[in-house]
Amino acid sequence: MRTTARETLFKIVFASQFSQVDEGFKSALYKTDKLDEKDISYCENILGLIGEHCGEIAGIIDGHSRLFPESRLFPADRSLLQIAIAEILYCDDVPEAVSVNEAANIASKYSTDKSASFISGVLAEIIREK
């Protein structure tokens with residue numbers, strides 16, 4: 001399971017919304033969270049996908065989060081949506097239901113009381129349209 005890797009990835013994406021994230025920061029998180037090479041590779045892959053498709057992912061979030069444009073979302077929610085959307089659209093080896101469930105679980109831990117259901121709803125709509 002990639003639960004720990006996803007949570008580490010969330011921390012990196014979240015931090016990147018406030019300042020430049022360098023290799024030292026990522027390495028420290030990978031070490032602290034005891035990720036193995038496979039988990040680190042997963043994190044780096046998703047980070048690359050988010051970077052490569054950031055405009056498209058932001059547009060998808062805007063299109064499915066009608067009351068809250070991507071730029072106004074809570075940073076934690078935006079981070080989780082970016083990760084899950086990257087998995088759903090670009091990672092055939094990750095079941096869509098796993099992406100949704102993991103994002104909702106991490107939201108329950110790090111964001112607001114309503115974030116898990118909001119994120120699940122947005123992701124379900126994206127999956128339906130896929």
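Quick caveat, the model's predicted, so the values are computed rather than measured.
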Exercise for the section: Calculate, to the nearest 0.5 Å, the distance between atoms CD and CD belonging to Glu44 and Glu23 respectively. Expected result: 5.5 Å

Exercise for the section: Return yes if a side-chain donor-acceptor contact under 3.5 Å exists between Thr112 and Ser115, otherwise no. Expected result: yes

Handout entry: Interatomic spacing from CD1 in Ile60 to CD1 in Ile88 - rounded to 0.5 Å
Key = 9.5 Å

Handout entry: Side-chain heavy-atom pair Val94, Arg2 within 4.5 angstrom cut-off
Key = yes

Problem - Validation row: Leu80, Glu102 side chains within 4.5 angstrom (heavy atoms) - result: no

Practice task
Report yes if the side chains of Leu81 and Phe118 come closer than 4.5 Å at any heavy-atom pair, otherwise no.
Solution key: yes

Practice task
Using the six-membered ring wherever Trp is involved, compare the ring planes of Phe10 and Tyr110 and label them parallel, tilted or perpendicular (cut-offs 30° and 60°).
Solution key: tilted

Handout entry: Close side-chain approach of Asp39 to Thr4, heavy-atom, < 4.5 Å
Key = no

Exercise for the section: Taking the side chain as every heavy atom from C-beta outward, state whether Ile119 and Val122 have any pair of such atoms under 4.5 Å apart. Expected result: no

Problem - Residues Ile106, Lys109; criterion side chain to side chain contact (heavy atoms under 4.5 Å, CB included); working and verdict - result: CA-CA 5 Å; Ile106 295 170; Lys109 184 174 181 178; 5.5 Å; no

Practice task
Taking the side chain as every heavy atom from C-beta outward, state whether Cys43 and Leu35 have any pair of such atoms under 4.5 Å apart.
Solution key: yes

Problem - Steps toward side-chain hydrogen bond (donor to acceptor under 3.5 Å, both in side chains) verdict (Glu37, Tyr42) - result: CA-CA 9 Å; Glu37 289 300 317; Tyr42 158 78; over 6 Å; no

Practice task
Would you confirm whether Thr32, through its side chain, and Leu29, through its main-chain N or O, come within 3.5 Å as a donor-acceptor pair?
Solution key: no

Handout entry: Distance in Å, Ile83 CD1 paired with Ile46 CD1, rounded so as to fall on 0.5 Å steps
Key = 8.0 Å

Practice task
May I ask you to decide whether Lys11 forms a salt bridge with Asp33, counting only side-chain N to carboxylate O separations under 4.0 Å?
Solution key: yes

Practice task
Could you please spell out the steps behind the side chain to side chain contact (heavy atoms under 4.5 Å, CB included) verdict for Cys91 and Leu49?
Solution key: CA-CA 9 Å; Cys91 296; Leu49 290 169; 3.7 Å; yes

Practice task
Please determine if Glu87 and Arg6 form a salt bridge, counting it only when a charged side-chain N lies under 4.0 Å from a carboxylate O.
Solution key: yes

Exercise for the section: To the nearest 0.5 Å, tell me how far Ile127 CD1 sits from Ile85 CD1. Expected result: 10.0 Å

Handout entry: Nearest-0.5 Å distance, CD1 of residue Ile40 to CG of residue Asn45
Key = 13.5 Å

Handout entry: side chain to side chain contact (heavy atoms under 4.5 Å, CB included) assessment of Ser99 paired with Leu123
Key = CA-CA 9 Å; Ser99 296; Leu123 294 174; 5.8 Å; no

Exercise for the section: Mark yes or no for whether Ser117, through its side chain, and Lys114, through its backbone, hold a donor-acceptor pair below 3.5 Å. Expected result: yes

Problem - Hydrophobic cluster identity match, Val13 and Val98, side-chain contacts under 4.5 Å - result: no

